[in-house]
Amino acid sequence: MNNPGRIHPRWTSLLTWLSTHGMDTSPDGVLVEPRMIPGVGYGLFALKSIKPATSLFTIPASALINVVTLSPHYPRATRHLTAFQLISLHLFLHRPAGIQESLDPLFGPYISVLPREFDFHPLTWLCTKNENDGPLLLTSLPPSTMDSLSKLFDRFHTDWRAVQTYLRDNLSVLPRSADREATTASSEQEKLLDYLWAWLNVNTRCIYHRLKESPSDPSNVTLCPILDFGNHTTRSIRMVPDVADSHLWTSPRHKPKGAFTLLSPSMNTTRPDEELYLTYGAHANRTLFVEYGFVNEISNELLSLGEVSGEIDLQTSVEALFEARGELGTWMKETLKDEGYWGDWTAHFAPSPAHPSYRLITALRLFHLFPISMARVPPMPDDVLKPWKDTLLGQRERVSDENEKEWKTTLLRICEDEATRATRAMAKFSEHSFELHAQAIWFPQMRRSVEMLWEEEFCVASAMAESVRKNEDF
Ligand SMILES: C[S@@+](CC[C@H](N)C(=O)[O-])C[C@H]1O[C@@H](n2cnc3c(N)ncnc32)[C@H](O)[C@@H]1O
C-alpha cells in the first residue's frame with residue numbers, strides 16, 4: 001500500500017499510557033508507528049531498517065483487553081459471558097462520545113485510538129437499513145456472501161442478547177463509570193448501534209492469545225494495542241507474534257507472564273517507512289468482506305499466479321437440489337448431517353486444477369446414489385447407503401463409474417449457472433447508477449469489493465466447469 005499519511009493523532013497519548021504499564025516505549029522499544037492510508041484506515045509502518053525476526057514492541061499483559069484483565073471488574077462475568085462478549089461489553093460501556101476521549105479509567109487511551117465508526121462495514125448496513133448507502137450494495141451481493149452476512153448478524157444478536165441479560169442482572173454491581181455510560185444512550189436502537197461499534201471492533205481486531213491452559217479454550221483471545229493497527233496481506237512477508245509467548249504454560253521465561261511481543265518478518269529486512277502486515281488467516285474473500293469489510297483484489301491473472309486463492313461457496317445451489325427431491329431429499333439431508341457433511345460445500349481455484357472440496361463431492365455422490373426420478377426413501381436404506389458410506393470410510397474410492405459421471409455432470413451445470421449469474425450480475429452492477437448515493441468516503445472502495453466478489457464467483461466457477469469438461473481427476 002502506498003502514500004502513507006499522517007500519524008494517528010492519539011499515538012503519543014497511547015504510548016504515554018502504555019509506559020505507565022511498564023512498557024518500553026523508547027525508540028528502541030517501539031520500531032513502528034500507525035500512519036493513515038486512504039481507503040484502508042491506519043497501518044503499521046517501520047520507523048527504521050529492521051532486521052528479520054526482531055521484536056517490534058512488547059505490550060505488557062496489563063495493557064491487553066481480555067478475560068484476565070476484565071474479569072476482576074465484572075462480577076460473575078466468566079460464568080455468563082464468553083470472552084468475546086465480555087470484551088465487547090467493556091467497549092460498549094466505554095464508547096467515546098463523538099471525537100472525545102473514552103472515559104474508561106482502565107483502558108481509556110487505548111479505546112480512544114480505535115476506529116470511531118464502521119459505516120463501511122456490511123454488518124452496519126444490515127443493522128441500519130435505510131440510514132446510509134450500504135443497503136444499496138447489500139442488494140447486489142452474491143447470495144453466498146449474503147448468507148455469510150446473515151450468519152454474522154445472528155452471531156451479533158446472540159452476543160447482544162447475552163450482554164443485555166448480563167447488564168440487566170448486574171448493573172448495580174458494575175463499576176460506577178460503566179453504570180453512568182451504559183445508560184447514556186437514549187433509545188434501544190442507539191444502544192444497539194453502540195454495541196455494534198464495540199462488537200465490530202472486537203471482531204475485526206481481536207487475536208488469539210494463550211491465556212488458558214488449554215490451547216483451544218475460547219477465552220484465548222485479546223485486544224492488543226499497536227498490533228491491531230496491522231493490516232492484512234496474503235503474502236508470506238508478514239509480522240508474527242512471538243511463539244514463545246504461547247509456550248508460557250510449559251516453559252517459564254524471563255519475560256513477564258502474558259506479555260505480547262510482535263516480531264518483524266522472519267526472512268526479510270524491513271526498510272524504513274515500509275508497511276508491515278499481518279495475515280488474518282487463509283480466508284476466502286467472502287469471509288474477509290463479511291468479517292472485516294474488505295477483500296483481496298481478484299482477477300484471473302492474480303489467481304493463476306497464485307497471488308490469491310479463489311473460492312466459491314455452492315451451498316445455495318446444492319441445497320436447492322436436495323430440496324427439490326421431496327421426502328428423499330430431506331432424508332439425504334439428515335444422512336449428510338448425521339455424517340457431518342451437510343453444508344460448507346466449496347470449489348477452489350488452487351491448487352490447480354480447479355476442484356470441488358471433498359465435502360461437496362461427498363454430498364453430490366449421495367445425491368446421485370438414487371435415480372433422479374426417485375422421491376421416496378428406499379425400503380432398506382442402510383443397504384443402499386453402503387457403497388456411499390464405504391467411500392467415507394476409505395474402503396472404496398468411488399460409489400461407481402456411473403455415479404462419478406452423474407455428479408460431475410451436475411457440478412458442471414451448477415458451475416455454468418454460477419458463471420452465467422455472475423456475468424449478468426456484474427453487467428447489472430456496472431450499469432447501476434449510484435451517483436446520488438455515493439457521497440460516503442468508503443463507498444467507492446466497498447463498491448469495488450462487491451465487484452471483486454462477483455469476479456471471484458465468475459473466475460472460480462468458470463475454472464471449475466473447465467476442469468470438469470477436461471475430465472480432471474479430483
Ligand atoms: C486489525 S484492523 C487493521 C487496522 C485498521 N486499518 C485501522 O485503521 O485501525 C482491521 C481492519 O483494517 C482494514 N484492513 C485490513 N487489511 C486491509 C487490506 N488489506 N485492505 C483494506 N483494508 C484492510 C479493514 O477495515 C479491517 O477491518
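Start at 1 and go down the list; that is how both ligands and their atoms are numbered. Count residues from 1 along the sequence.
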Legend entry - Where ligand 1 meets Phe120 - atom numbers and elements under 4.0 angstrom, heavy-atom basis: 25 (O)
Legend entry - Proximity of Tyr42 to ligand 1 by residue part, where a heavy atom lies under 4.0 Å: both
Inset, instruction - Run the ring-centre check on Phe260 versus His209 and record whether the distance is less than 6.0 Å. - result: yes
Inset, instruction - Consider every N or O of Arg205 and every N or O of ligand 1, then say whether any pair is closer than 3.5 Å. - result: yes
Inset, instruction - Please identify each residue that fulfils ring pair (Phe, Tyr, Trp, His ring centres under 6.0 Å) with Phe57, with sequence neighbours left out. - result: none
Inset, instruction - Mark up the atoms of ligand 1 that fall under 4.0 Å of a heavy atom belonging to Gly230, in ascending order. - result: 1 (C), 3 (C)
Legend entry - Test of ring centre spacing under 6.0 Å for Trp160 and Trp197: no
Legend entry - Atoms of ligand 1 close to Gly41 [distance to a heavy atom under 4.0 angstrom, numbered from 1]: 8 (O)
Inset, instruction - Decide whether Asp344 and Gln315 meet the rule of one side-chain donor and one side-chain acceptor closer than 3.5 Å. - result: no
Inset, instruction - Would you tell me whether Arg238 and Thr279 have side-chain atoms, one donor and one acceptor, within less than 3.5 Å of each other? - result: yes
Throw together a table of side-chain donor-acceptor distances under 3.5 angstrom for residues 458-468, partners on residues two or more places apart or in other chains.
from	atom 1	to	atom 2	distance (Å)
Ser462	OG	Phe458	O	2.7
Glu466	OE1	Arg469	NH1	2.7
Ser467	OG	Ala354	N	3.4
Ser467	OG	Ala354	O	2.7
Ser467	OG	Ala463	O	3.2

Inset, instruction - Check whether the side chains of Trp345 and Asp313 place a donor and an acceptor atom closer than 3.5 Å, and report yes or no. - result: no
Legend entry - Heteroatom distance test (Thr204, ligand 1): nitrogen or oxygen, under 3.5 angstrom: no
Legend entry - Backbone or side-chain N or O of Phe229 under 3.5 Å from ligand 1 N or O: no
Inset, instruction - Give the atoms of ligand 1, by number and element, whose distance to some non-hydrogen atom of Tyr292 is under 4.0 Å. - result: 24 (C), 25 (O), 26 (C), 27 (O)
Inset, instruction - Say whether Tyr277 and ligand 1 are in contact under the criterion: heavy-atom distance to a ligand atom below 4.0 Å. - result: no
